[in-house]
Amino acid sequence: MPFINESQLSVREMREEEAPVVLEMLKDGFKDTENRLILYILTRPMTLLLMAIASSGLRFFLNSFCVALVIPVLLTIVGLKLLLWRSPDLKQIYSYYSIGQRKIWVAVYDQDDICGCVALEPTQDSQSVELKRMSVSRWYRRSGVGTHLLKFFEGHAKKKGFQCIVLYTSVVAKAATGLFMKCGYKVTDGWNWLGYTIVQEFRKDI
């Protein structure tokens, strides 16, 4: 965990030429969370049961037990990866967050080192706003950058007249979950996979 001087840490809107850097930072964070989430899903009893049934069915057509065992696992992993990456904002991140009330900001250390980002997405409820794409580069994690971004986002949302912040995070993202709960966010809902919660919804009134 690096020591940083908070007086040298600032938050501003992302510039178009910074989009590739921010996207790579997001992908780096996704890679860690994605792999842990896929492992979590694959090791749930219901998932194991379904893959065992699929393997048993494939053994009628394949001579190799190992191939019949591996194919369902590989197909499940590929399917989950495709599902997790179905995010329209990642294809054109700058233009997506330049429309209407959407915004994306970067945390910058020592004037030129981009160390984090966070985005704002309006919701159907005019009183609520969604916090998205909050990420901190690997070197700056656990140094206070995430807390700084969160406080900035809350201040901006309150200034714009929003009364509630909603966000979604994977159950395996323990550091993020801990930060949100520490800052007063509460779990209000979630997304399920075969009866298991894989994404938690957090809310906070501001």
Visitor: Going by heavy atoms in the side chains, are W191 and D189 under 4.5 Å from each other?
Guide: no
Visitor: Measure from the side-chain N and O atoms of K158 to the backbone N and O of C164, and report whether any donor-acceptor pair falls under 3.5 Å.
Guide: no
Visitor: Nearest 0.5 Å please: distance from the CZ atom of R141 over to the SG atom of C115.
Guide: 12.0 Å
Visitor: For T197 and V199, indicate whether the former's side chain and the latter's backbone hold a donor-acceptor pair under 3.5 Å.
Guide: no
Visitor: Quick one: does any side-chain atom of K103 pair with a main-chain N or O of G100 as donor and acceptor, under 3.5 Å?
Guide: no
Visitor: To the nearest 0.5 Å, what is the distance between CE on M134 and CH2 on W105?
Guide: 12.5 Å
Visitor: Has the side chain of E18 got a donor or acceptor atom that lies under 3.5 Å from a matching backbone atom of R15?
Guide: yes
Visitor: Give, for atom OG1 of T123 and atom CD of Q101, the distance between the pair rounded to the nearest 0.5 Å.
Guide: 9.5 Å
Visitor: Is there a continuous path of hydrophobic side-chain contacts, each under 4.5 Å between heavy atoms, that joins L39 to L37?
Guide: no
Visitor: Got more than 12 heavy atoms from elsewhere within 6.0 Å of CD, Q8?
Guide: yes
Visitor: Could you please spell out the steps behind the side chain to side chain contact (heavy atoms under 4.5 Å, CB included) verdict for L150 and L131?
Guide: CA-CA 9 Å; L150 189 56; L131 181 152; 3.5 Å; yes
Visitor: Could you tell me whether the side chain of L26 reaches within less than 4.5 Å of the side chain of I93, counting heavy atoms only?
Guide: yes
Visitor: Check whether S128 reaches the backbone of D125 with its side chain - one donor and one acceptor, N or O, closer than 3.5 Å.
Guide: no
Visitor: Considering non-hydrogen atoms only, spot the tightest contact between S170 and T177 and give its length.
Guide: O-OG1, 4.0 Å
Visitor: How many angstroms lie between CG in L9 and CG in D110, if you round to the nearest 0.5 Å?
Guide: 10.5 Å
Visitor: Are R203 and Y185 in a cation-pi contact, defined as NZ or CZ under 6.0 Å from the six-membered ring centre and within 45° of the axis?
Guide: no
Visitor: Search all heavy atoms of G161 against all heavy atoms of Q127 and return the closest pair with its distance.
Guide: O-OE1, 4.2 Å
Visitor: Is the backbone N or O of Q92 less than 3.5 Å from a side-chain atom of S95, with the two atoms forming a donor-acceptor pair by type?
Guide: yes
Visitor: Would I104 and L120 count as a side chain to side chain contact (heavy atoms under 4.5 Å, CB included) if you check the C-alpha gap in whole Å, the side-chain angles of each, and the deciding distance to 0.1 Å?
Guide: CA-CA 6 Å; I104 184 166; L120 180 151; over 6 Å; no
Visitor: Describe, in one word, how the ring planes of F202 and F180 are oriented to each other, choosing from parallel (under 30°), tilted (30 to 60°) and perpendicular (over 60°).
Guide: tilted
Visitor: Can you check side-chain hydrogen bond (donor to acceptor under 3.5 Å, both in side chains) on T188 and E201, steps first, answer last?
Guide: CA-CA 6 Å; T188 53; E201 177 191 271; 2.5 Å; yes
Visitor: Looking at C117, is its backbone amide N or carbonyl O close enough to the side chain of R133 to form a donor-acceptor pair, meaning the two atoms are under 3.5 Å apart?
Guide: no
Visitor: Quick one: do Y97 and E121 satisfy side chain to side chain contact (heavy atoms under 4.5 Å, CB included)? Show the steps, please.
Guide: CA-CA 8 Å; Y97 287 108; E121 177 91 49; 4.2 Å; yes
Visitor: So do the side chains of L90 and L23 get within less than 4.5 Å of each other, counting heavy atoms only?
Guide: yes
Visitor: If you count every heavy atom of other residues, nucleotides or ligands that lies below 6.0 Å from E17 atom CD, does the total exceed 12?
Guide: yes
Visitor: Of all heavy-atom pairs between F153 and A119, which one has the smallest distance, and what is that distance?
Guide: CE1-O, 3.3 Å
Visitor: Any chance you could measure E130, atom CD, to Q124, atom CD, to the nearest 0.5 Å?
Guide: 11.0 Å
Visitor: Do the numbers put R138 on top of the ring of Y140, so that NZ or CZ is under 6.0 Å from the six-membered ring centre and no more than 45° off the axis?
Guide: no
Visitor: Which atoms form the tightest heavy-atom contact between I206 and A157, and what is the distance?
Guide: CD1-CB, 3.8 Å
Visitor: Between L179 and T147, is a side chain to side chain contact (heavy atoms under 4.5 Å, CB included) present by the stated rule, with each step listed?
Guide: CA-CA 7 Å; L179 171 62; T147 301; 3.3 Å; yes
Visitor: Please report the shortest heavy-atom distance between C183 and K204, naming the atom on each side.
Guide: O-NZ, 2.7 Å
Visitor: Do the side chain of Y109 and the main chain of N5 share a donor and acceptor less than 3.5 angstrom apart?
Guide: yes
Visitor: Do E24 and V21 make a side-chain contact, defined as non-hydrogen atoms from C-beta onward lying under 4.5 Å apart?
Guide: no
Visitor: Indicate the atoms forming the closest heavy-atom contact of R142 with A175, along with that distance.
Guide: NH2-CB, 3.9 Å
Visitor: So how far is it from R36 CZ to T33 OG1, rounded to the nearest 0.5 Å?
Guide: 5.0 Å
